[in-house]
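What you see below is based on every heavy atom in this structure, not just the backbone, and it leaves out hydrogens, waters and symmetry mates.
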Amino acid sequence: MYDVIIIGGGPAGVSAGIYASRKKLKTLLLTDTVGGQSSVSASIENWIGDISLKGFEFAQKLEKHLRAQEDIEIQTMVRVETVESIDGGFRVHTKKEEIFETKTLIIATGGKHRHLNVPGEETFMGKGVVYCSTCDAPFFKNKTVAVVGAGNSGLEACQDLFPYAEKIYLLSNTERLGGDGVLQEEIKAHPKVEIVYNALTKEILGQSVVTGLLYQDILTKKEKTIILDGVFVEIGMVPNTDFLGDLVNRNTFGEIILNHRTGETSAQGIFGAGDATDVLYKQNNISAGQGALASLSAYDYIKKQSL
């Protein structure tokens with residue numbers, strides 16, 4: 001039986017693995033790949049300690065640091081199917097029909113951005129199509145951009161872009177904006193923003209990088225093109241937590257509800273970290289801190305159980 005199994009290999013999972021190893025816990029880390037969502041980013045400029053690095057370099061650095069630790073077993077290309085409670089801990093089942101048992105669990109499975117699923121989106125991902133305004137707004141200084149999504153995520157993306165973008169098209173697929181009223185008022189009043197209502201994105205256009213966006217007016221059925229330099233897709237995220245079932249409490253978005261003082265979930269012995277949880281800001285630095293917190297809390301939990 002392991003002391004702790006960590007599920008996930010992004011900044012939260014890697015941080016949890018490093019801290020668990022340094023506490024001499026018998027640790028297993030299960031993940032599809034190491035690096036998390038940012039491993040596909042063209043450039044990361046807000047990771048503390050590195051002024052700028054490419055996504056694949058970020059992933060390499062995380063993996064190198066993780067593999068330098070002792071007392072940790074790392075298995076990649078692994079997806080967890082289910083988790084169940086057993087006497088004295090938990091049993092983890094993978095899609096390869098492997099079974100592992102552990103005293104504690106750290107869930108750091110992250111989330112995935114909702115995609116538009118239109119032509120050009122995948123082609124220009126990282127070449128003008130982005131999903132994190134907090135991370136990528138500075139790359140669009142004096143540029144024209146579109147924000148697709150008119151809920152809080154889209155409105156907040158506009159705010160992030162105010163200091164940088166020259167022109168912001170906000171595309172809503174209904175005849176009104178969603179999100180908080182105060183935010184709506186601010187966006188509507190800002191001179192940089194042009195709101196396009198009833199707009200259904202049909203295609204992202206470009207050559208080597210994004211050059212435009214094609215949308216259809218839902219009411220008239222006419223198609224129109226906007227010439228621009230970037231598209232911010234802000235239609236929400238989906239946490240990777242379905243495999244947990246009813247084992248821990250999750251909110252209406254599927255995020256794991258945490259005690260943010262300890263990182264513990266509603267189930268004793270299970271801790272959460274990163275984008276799979278209800279943490280307010282989905283950021284690499286925050287995820288790494290949560291991973292450290294989860295491991296330290298798991299260590300304290302194991303000590304108390306052995307008394």
Side-chain angles (χ1 to χ4, degrees), residues 6-23 27 29 31-70 72 74 76 106-113 124-143 145 153 156-157 159-165 208-210 229-234 237 239-240 260 263 272-277 279-296:
I6 300 161
I7 307 175
V14 169
S15 174
I18 291 168
Y19 271 77
S21 175
R22 291 175 65 82
K23 284 295 187 182
T27 305
L29 187 144
T31 186
D32 187 2
T33 58
V34 176
Q37 298 172 51
S38 291
S39 59
V40 299
S41 296
S43 181
I44 300 168
E45 297 188 352
N46 57 0
W47 178 249
I48 303 303
D50 287 288
I51 295 172
S52 178
L53 71 167
K54 297 183 186 301
F56 75 89
E57 294 173 332
F58 176 71
Q60 288 176 332
K61 292 184 76 167
L62 290 184
E63 186 161 6
K64 182 178 180 181
H65 198 170
L66 181 65
R67 292 191 182 278
Q69 309 307 306
E70 300 176 354
I72 184 168
I74 303 160
T76 58
I106 296 175
I107 310 299
T109 44
K112 52 184 177 288
H113 293 279
F124 298 110
M125 202 177 295
K127 301 174 184 177
V129 175
V130 293
Y131 298 87
C132 178
S133 59
T134 306
C135 314
D136 296 323
F139 296 121
F140 293 87
K141 188 174 182 179
N142 300 324
K143 303 290 187 181
V145 300
S153 294
E156 289 167 4
Q159 286 183 314
D160 290 337
L161 284 159
F162 286 162
Y164 303 104
S208 58
V209 295
V210 168
D229 305 290
V231 178
F232 285 75
V233 181
E234 298 287 349
M237 288 187 65
N240 300 317
H260 287 278
D275 289 4
T277 76
V279 63
L280 183 57
Y281 301 109
K282 315 297 189 186
Q283 295 291 302
N284 287 329
N285 291 296
I286 293 172
S287 294
Q290 281 196 303
L293 173 67
S295 266
L296 295 174

Evaluate the side chain to side chain contact (heavy atoms under 4.5 Å, CB included) criterion for residues His260 and Gln290: first the C-alpha distance (whole Å), next the side-chain angles of each, then the deciding distance (0.1 Å), finally the verdict. CA-CA 9 Å; His260 287 278; Gln290 281 196 303; 3.9 Å; yes
Please step through side chain to side chain contact (heavy atoms under 4.5 Å, CB included) for the pair Gln37 and His113, ending with a clear verdict. CA-CA 9 Å; Gln37 298 172 51; His113 293 279; 3.1 Å; yes
Walk me through whether Val14 and Val34 qualify under side chain to side chain contact (heavy atoms under 4.5 Å, CB included). CA-CA 8 Å; Val14 169; Val34 176; 4.0 Å; yes
Is there a side chain to side chain contact (heavy atoms under 4.5 Å, CB included) between Met237 and Lys282 once you walk through the steps? CA-CA 10 Å; Met237 288 187 65; Lys282 315 297 189 186; 4.2 Å; yes
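Ile44 contributes atom CD1, which lies 10.5 Å from atom CZ of Phe56 (distance to the nearest 0.5 angstrom). Here OG1 of Thr76 is found 8.5 Å from CD1 of Ile74. Values are rounded to the nearest 0.5 Å. Atoms CG and CD1, on Leu62 and Ile18 in that order, are 7.5 Å from each other to the nearest 0.5 Å. Leu161 CG to Phe140 CZ: the interatomic distance, rounded to the nearest 0.5 Å, is 8.0 Å. For the atom pair CD (Gln69) and CZ (Arg22), the distance works out to 6.5 Å, reported to the nearest 0.5 Å. The distance from the CD1 atom of Ile72 to the CD1 atom of Ile6 is 5.0 Å, given to the nearest 0.5 Å.
The minimum heavy-atom distance between Pro11 and Gly35, with the atom names listed, is CD-O, 4.0 Å. Residues Ser38 and Asn284 share a closest heavy-atom pair of OG-ND2, 2.9 Å. In plain terms, the two heavy atoms of Ser295 and Gly17 that are nearest each other are OG-N, 4.5 Å. Taking each heavy atom of Ile106 and Ala16 in turn, the nearest pair found is CD1-CB, 4.1 Å. Nearest approach of Val210 to Gly230, heavy atoms of both residues: CG1-N, 4.1 Å.
Not a single donor-acceptor pair under 3.5 Å links the side chain of Thr31 to the backbone N or O of Gly8. Side-chain atoms of Thr109 come within 3.5 Å of backbone atoms of Asn240 as a donor-acceptor pair (strictly under, hydrogens ignored). In terms of modelled atom types and a separation under 3.5 Å, the side chain of Glu234 and the main chain of Ala157 share no donor-acceptor contact. With Ser287 contributing its side chain and Gln283 its backbone, the two residues share a donor-acceptor pair below 3.5 Å. Between the side chain of Thr277 and the backbone N or O of Gly274, at least one donor-acceptor pair lies under 3.5 Å. A donor-acceptor pair under 3.5 Å is formed between the side chain of Ser15 and the backbone N or O of Ala288.
Checked for salt-bridge contact, Glu57 and Lys61 miss the test: no charged N lies under 4.0 Å from a carboxylate O.
Between Cys135 and Asn46, some side-chain heavy-atom pair lies under the 4.5 Å cut-off. Contact of the Leu296 side chain with the Lys23 side chain is registered, since non-hydrogen atoms from C-beta on lie closer than 4.5 Å. Using a 4.5 Å heavy-atom threshold, the side chains of Val130 and Val231 count as separate.
Here the two rings, on Tyr164 and Phe139, have centers that are 6.0 Å apart or farther.
Summarising the local packing, OH of Tyr131 is surrounded by more than 12 heavy atoms from other residues, nucleotides or ligands at distances under 6.0 Å.
No hydrogens or angles considered: a donor-acceptor pair under 3.5 Å links the side chains of Asp160 and Ser133.
Taking the side-chain contact (heavy atoms from CB on, under 4.5 Å) definition, one finds that Thr33 meets it with nothing, sequence neighbours left out. Shown here are the side-chain hydrogen bond (donor to acceptor under 3.5 Å, both in side chains) partners of Ser39, two or more places apart in sequence or in another chain: there are none. Shown here are the side-chain hydrogen bond (donor to acceptor under 3.5 Å, both in side chains) partners of His65, two or more places apart in sequence or in another chain: there are none.
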